[in-house]
Amino acid sequence: MNELFEHASIKRAYFTLALPVVLSMAVTLIYNMVDTFFVAKTGNPDLVAGVSQGAPIFTLMIALGDIFGLGGSSVISRLFGEQRDKLARFVSGYCFYASIICGIIVTAIMVIFQTPILHLLGASPSTWKYAREYYLVIAWGAVFVIFGLSPTNILRTEGLAVQSMIASMVGTGINIILNPIFIFTCGLGAAGSALATVTSTVIGDILMVYYLRTKSKKLSTSIHETKISWKLQFEIYAIGIPASVTNIMATFAVAMTNRYLITYGADSVAAMGIAMKANMIINMIMVGFAFGAQPLIGYVYGAKDEQRFNKVVKFDIQVVASLAIILTIILFIFAPHVIRIFMNDPKIVAEGSLMLRWLSISTTLAGIILVFTTMFQSMGKATPAFWLSFCRQGLIFGVTISILAKLFGYTGIIAAQAAADCLTFILALIFYQCYKPHFKK
């Protein structure tokens, strides 16, 4: 491990850690598209709507899991860099069991308050049956979904990125196989979609625990190695909660956009949904590289290696920005062809192409913002990490879409994310000047 983090070239260390995460993201992207395809193939709009209404609950579980996965991995990476391996081991044990307890609590809340929560999600009399079927299966599987994010991220702190990737990809592959079997062959419908997700998550979790117990030399799954100070617990939550905000804000941005677009008709909402799916190609790749580099940034920051720290961050920005520019150009040119893959309706292709171009035009800035955000998380700087996560698709986006929709109508709505990215990028540069590390000689 020390060889990779301390002595390997920046390029080798970076890609060794980041590429497995990117591949995991690519498989997840394929799953998201395949899952949507199979659910839509039922031909039942109420079932499709019911699953869509239950989907935000799954996103929320991912966000809760990120608290322990991303918060814990940030603290562990820095402790490894400081050569405080025993303390890092106890932090990994704490995150392992805290995520399980969190999952149990979430299951209890969801089962007890299922009716008001389903109303809150927008379940109507026609979709209630399907939304409830999906919701209950996901609720009982909450502990596995939330827990899975801990070993996924923590394994990478010891350089075990390939093992983390294998477990994630196996789980996702099984999900893709089980979806049509549970939905159609077993006739489980909405519950089948959720059951496929939970079953594959359980298998992925088992594989990750196996890797933790057999491949890891510094991390723990023992309940006897979980006691850490209140200060370290605070650090985990101070970084983990802002990191989880990113998922929540993405859901908020979609809801806000749909709310403004619905006045222009259902076709506009559908076109934006497809454009966002297509733009996920760039976003997933950027997220993969940015989060893949986190353990390396955290380690060199903890080791107070200023020269290596600056080189890693610079290389991270170069890789993410270069890929974003290339993919943006490709999507910009072939936007109509990309939209047509999903739906060959002339109106939706025309609208979706324009939306995709607006969404992709600022993704290079979004990628750099993401690098700064993950850098602050790796450094344990909770304040700038939180505000960048909260603003891009939350506060700044909310204000931007409100103003632009009023001033420019339809064009303002579809240009809102690009405008928010520009403003958040400026904020990221300001934060970097205020919080950039000054290592003591």
Side-chain angles (χ1 to χ4, degrees), residues 10-11 14-37 161 165 168-169 172 246-247 249-250 253-254 257 271-294 312-343 348-375 388-389 392-393 397 414-425 428:
I10 299 293
K11 185 177 179 180
Y14 181 89
F15 286 115
T16 298
L17 291 166
L19 281 178
V21 185
V22 174
L23 288 171
S24 295
M25 291 291 178
V27 173
T28 302
L29 178 63
I30 293 167
Y31 160 68
N32 284 333
M33 293 182 175
V34 170
D35 184 51
T36 303
F37 173 81
M165 174 198 72
S168 296
M169 290 177 73
T172 305
T246 303
N247 274 320
M249 289 302 101
V254 172
T257 304
M272 179 57 82
I274 292 169
M276 285 179 171
K277 281 272 185 185
N279 196 52
M280 275 175 64
I281 297 166
I282 304 179
N283 290 331
M284 285 285 199
I285 291 172
M286 292 192 306
V287 167
F289 278 110
F291 279 99
Q294 257 192 308
V312 170
V313 173
K314 183 180 177 182
F315 188 73
D316 196 11
I317 291 173
Q318 288 173 343
V319 170
V320 170
S322 299
L323 284 168
I325 289 168
I326 293 167
L327 290 170
T328 296
I329 292 169
I330 292 170
L331 282 184
F332 211 85
I333 294 170
F334 297 103
H337 304 283
V338 174
I339 301 298
R340 207 171 280 119
I341 292 171
F342 292 89
M343 193 171 283
I348 287 179
V349 170
E351 282 197 66
S353 300
L354 181 63
M355 290 169 176
L356 180 55
R357 285 168 177 153
W358 271 111
L359 286 172
S360 63
I361 201 167
S362 64
T363 45
T364 303
L365 296 182
I368 297 171
I369 293 164
L370 187 59
V371 171
F372 280 128
T373 304
T374 53
M375 181 195 75
L388 290 180
S389 299
R392 181 181 167 252
Q393 292 188 297
F397 177 79
I414 62 176
Q417 187 61 69
D421 286 345
C422 292
L423 294 173
T424 311
F425 176 71

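For reference, positions follow the sequence shown, starting with 1.
Here the closest non-hydrogen pair linking S362 and A418 is OG-CA, 3.3 Å. Closest non-hydrogen pair, I333 versus R357, comes out as O-NH2, 3.9 Å. In this structure, I369 and F425 approach most closely via the heavy-atom pair CD1-N, 3.6 Å. Summarising the geometry of F289 relative to V320, their closest heavy-atom pair is CB-CG2, 3.9 Å, with the distance given to 0.1 Å. Between L331 and A278 the shortest heavy-atom distance is CD1-O, 4.1 Å. Scanning all heavy atoms of the two residues, the minimum distance from I361 to F332 falls at CD1-CE1, 4.3 Å.
For the atom pair I368 CD1 and Q318 CD, the distance stands at 10.5 Å (nearest 0.5 Å). We find the CZ-SG distance between R392 and C422 to be 11.0 Å, quoted to the nearest 0.5 Å. Atom OG of S322 and atom CD1 of I317 lie 11.0 Å apart (nearest 0.5 Å). The CE atom of M286 sits 11.5 Å away from atom OG1 of T374, with the distance rounded to the nearest 0.5 Å. To the nearest 0.5 angstrom, I339 atom CD1 is 9.5 Å from I348 atom CD1. Atom-to-atom distance recorded for D316:CG and F372:CZ is 10.0 Å, nearest 0.5 angstrom.
The side-chain hydrogen bond (donor to acceptor under 3.5 Å, both in side chains) test applied to T328 returns T363, not counting sequence neighbours.
Between F397 and T257, some side-chain heavy-atom pair lies under the 4.5 Å cut-off. In this structure, L359 and M272 have side chains that are in contact, with non-hydrogen atoms separated by less than 4.5 Å. Side-chain contact between M355 and W358 is absent, with no heavy-atom pair separated by less than 4.5 Å.
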Practice item. Mind running side chain to side chain contact (heavy atoms under 4.5 Å, CB included) on Q417 and D421 for me, showing each step along the way? Key: CA-CA 6 Å; Q417 187 61 69; D421 286 345; 2.9 Å; yes
